[in-house]
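These notes are about the structure you will find just below.
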Amino acid sequence: MSETSNTAAAAVEPSVTFADFGLAPEILRALSDQGYVHPTPIQAQAIPVVLQGRDVMGAAQTGTGKTAGFSLPIIQLLLAHANSSMSPARHPVRALVLTPTRELAVQVADNVKAYAQHTPLRSTVVFGGMDMKGQTTILKGGVEIVIATPGRLLDHIEQKNVSLAQVQMLVMDEADRMLDMGFLPDLQRIINLLPKKRQNLMFSATFSPEIKKLANSFLQQPVLIEVARSNATADKVTQIVYKVEDEQKRDVVEFLIRQRELKQVIVFSNTKIGASRLSRHLEQTGIKASAIHGDKTQQERMAALDAFKRGDIEVLVATDVAARGLDISDLPCVINFDLPYNAEDYVHRIGRTGRAGASGDALSVYSDKDERLLADIEKLIKQSITRGELNGFVVRGRGRDAERGERGPRSERGERGERSERGPRRSDGERNERSERGPRSYGAGALPRREKVDPWFLKPYEPSNSAPRQDSNPGTGAAPAKPKQKIAALLGGLPKQAQ
DNA sequence: AAAAAAC
């Protein structure tokens with residue numbers, strides 16, 4: 001929904017409104033229902049071009065208002081060319097939107113449904129991981145607009161649940177992602193089933209040679225719409241990286257969440273198992289968290305996303321399933337628990353914050369072995385990322401002797417402890433004992449006893465040592481690895497098992 | 001080296 005936020009556009013072209021595009025009253029009503037008046041830059045560019053019937057190659061990330069940029073004119077065109085004599089039972093598919101991930105399909109579909117709510121147009125979403133029956137019933141009942149992930153759509157086509165013979169408009173959303181995910185053969189199979197004469201819209205966050213090739217083969221004299229520089233990070237996003245020991249990463253993530261009192265944050269993990277573990281850890285320390293990744297059932301994925309959007313959970317720990325496309329409004333912060341292997345994924349991940357003109361923070365933790373990944377990222381975004389210091393970071397004792405509470409950076413926030421009533425899962429039964437003793441502060445307790453780690457007694461990290469930054473990494477402009485050295489020193493003679 | 005997507 002934030003995709004149609006007018007903040008960014010208002011700064012650019014305050015005078016332009018959706019009404020200026022000659023959109024149908026039903027569409028304008030739907031927009032005003034949601035309080036949207038001014039188009040974002042990409043909407044201002046895309047809507048007139050799509051209305052002209054031109055093919056479009058759009059370089060835009062999610063959060064720029066892309067979805068409304070194509071769905072509003074699609075609805076308008078379908079309405080304008082509606083065959084009024086058509087019986088309600090016969091609603092052939094006339095617009096098809098393909099997306100790489102299921103969650104993105106759902107979001108696009110939600111937006112389309114909202115924009116078309118006052119029109120007779122029907123839309124539906126089709127994606128895997130769910131029973132086919134409900135989708136089949138709706139498809140057979142007839143819909144003008146289908147939003148789908150490719151695999152399941154082909155499944156429905158093979159089962160003759162849907163025909164694409166009447167499709168006039170095709171949208172390939174997040175086309176770069178679809179290529180990355182190996183959807184090209186599926187895309188080709190689907191496109192072969194479409195009428196030759198149709199309008200094509202392709203959106204991609206990046207402009208790789210492969211994307212250009214895809215555009216050349218599928219689009220006809222496309223109008224190029226480019227809103228953000230490709231591969232550029234939103235300048236509204238403050239980026240900080242923290243160098244720590246590997247085994248500290250999860251504690252630092254927890255610390256950052258508490259220190260900044262983050263109530264809506266996505267934490268990215270490179271692995272599904274890592275996401276689950278981190279989520280469980282955060283839950284055990286009283287932070288409302290859920291994991292979302294490809295090994296979760298579709299029900300779990302949707303439940304986690306819904307809970308996050310509702311604010312029932314504060315932290316969504318995600319793999320790159322959520323890196324692109326997820327439109328979660330007004331995310332103030334994203335955290336990388338792992339630096340992504342693919343530098344481009346970094347851009348997509350941090351694109352979840354600083355959306356639609358708002359500012360945001362992108363925080364990353366990394367360890368010595370990730371220096372190369374960080375260098376790749378900085379090379380891609382053509383800027384050096386601020387090296388952060390973990391002021392006030394205290395790793396508390398992990399044993400029963402550890403003192404806690406009175407010194408911790410969040411020691412005053414005893415109310416955190418109450419959250420643990422939600423508590424660890426049943427299988428973690430014995431870990432409940434500490435939380436039942438009442439409020440506790442950051443870092444204490446509720447740790448799985450399988451942790452054979454020795455107690456870590458760390459003092460607060462003093463900012464006083466942060467003075468000269470240029471000596472450690474000469475030439476790169478990068479800041480030295482001070483935080484890590486400091487913490488390593490504080491760790492004393494503990495065995496390091498990293499690498 | 002890992003993630004996503006059809007059954």
Side-chain angles (χ1 to χ4, degrees), chain A residues 62 96-109 125-136 139 146-162 164 172-190 193 204-206 210 246 249 266-279 291-302 304-305 316-326 334 336-349 351-352 364 366-367 369-374 376-377 499:
Chain A
T62 340
L96 175 64
V97 182
L98 297 174
T99 73
T101 66
R102 299 164 182 176
E103 279 77 11
L104 180 57
V106 171
Q107 278 170 192
V108 172
V125 60
V126 151
F127 56 95
M130 302 282 285
D131 197 87
M132 287 193 69
K133 267 190 291 192
Q135 297 175 2
T136 302
L139 287 174
V146 169
I147 299 95
T149 50
R152 177 57 69 92
L153 179 66
L154 283 167
D155 211 347
H156 279 295
I157 291 168
E158 275 163 21
Q159 299 194 26
K160 304 250 190 283
N161 297 333
V162 66
L164 301 182
M172 284 169 280
D173 201 6
E174 308 270 353
D176 48 346
R177 188 58 155 185
M178 290 205 268
L179 286 190
D180 288 350
M181 289 167 61
F183 274 139
L184 187 56
D186 284 353
L187 287 180
Q188 271 161 338
R189 286 178 63 201
I190 292 169
L193 298 167
S204 174
T206 55
E210 291 78 16
D246 255 336
K249 278 163 55 172
I266 295 185
V267 180
F268 285 104
S269 162
N270 280 0
T271 63
K272 294 180 274 198
I273 192 127
S276 281
R277 281 186 188 141
L278 180 60
S279 165
I292 183 167
H293 57 66
D295 277 355
K296 296 272 186 184
T297 66
Q298 195 55 36
Q299 282 82 2
E300 289 173 315
R301 283 164 61 162
M302 294 195 295
L305 194 56
L316 191 65
V317 189
T319 58
D320 281 319
V321 69
R324 305 198 197 191
L326 278 198
V334 299
N336 288 309
F337 172 68
D338 299 308
L339 287 181
Y341 290 118
N342 204 329
E344 270 188 10
D345 283 334
Y346 177 84
V347 180
H348 293 294
R349 288 181 181 186
R352 303 307 90 210
S364 304
Y366 73 107
S367 67
K369 66 172 171 35
D370 305 321
E371 286 288 6
R372 174 66 190 280
L373 299 177
L374 181 57
D376 289 347
I377 289 165
Q499 301 321 313

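So that the names make sense, note that chain A is the first sequence line, chain B the second, and so on, each numbered from 1.
- At the phosphate of B:dA6, OP1 or OP2 sits under 4.0 Å from a side-chain N or O atom of A:Thr149.
- The shortest distance between the side-chain N/O atoms of A:Arg301 and the OP1/OP2 oxygens of B:dA4 is not below 4.0 Å.
- Distance, A:Phe268 CZ to B:dA3 C1': 12 Å, rounded to whole Å.
- The side chain of A:Thr271 contributes no N or O atom lying less than 4.0 Å from OP1 or OP2 of B:dA1.
- One can place CG of A:Asp338 at 12 Å from C1' of B:dA3, the figure rounded to the nearest angstrom.
- One N or O on the side chain of A:Gln135 and one on the backbone of A:Phe127 form a donor-acceptor pair closer than 3.5 Å.
- What separates CD of A:Glu174 from C1' of B:dA4 is a distance of 13 Å, to the nearest Å.
- Summarising the geometry, the separation between CG on A:Asp295 and C1' on B:dA2 is reported as 12 Å, rounded to the nearest angstrom.
- If you measure from atom CD of A:Gln298 to atom P of B:dA4, you get 11 Å, rounded to the nearest angstrom.
- For A:Asp338, the side chain to side chain contact (heavy atoms under 4.5 Å, CB included) partners two or more places apart in sequence, or in a different chain, are A:Lys249, A:Ser269, A:Asn270.
- Rounded to a whole Å, the CD1 atom of A:Ile273 is 13 Å from the P atom of B:dA4.
- Regarding A:Asp376, its CG atom lies at a distance of 14 Å from the C1' atom of B:dA1, rounded to whole Å.
- Note on A:Gly129: only backbone sugar-phosphate atoms sit closer than 4.0 angstrom, heavy atoms only; bases stay farther off.
- You'll find the side chain of A:Met132 reaches within 4.5 Å of the side chain of A:Gln159, heavy atoms only.
- OP1 or OP2 of B:dA5 has at least one side-chain nitrogen or oxygen of A:Arg102 nearer than 4.0 Å.
- With sequence neighbours excluded, the residues forming a side chain to side chain contact (heavy atoms under 4.5 Å, CB included) with A:Asn342 are A:Glu344, A:Asp345, listed by chain and number.
- Closest to the A:Lys272 side chain, of the nucleotides B:dA1, B:dA6, B:dA3, is B:dA3.
- Between A:Ile292 and A:Glu103, the closest side-chain pair of non-hydrogen atoms falls below 4.5 Å.
- One interatomic measurement links the two molecules: CG of A:Leu104 to P of B:dA4, which rounds to 15 Å at whole-angstrom precision.
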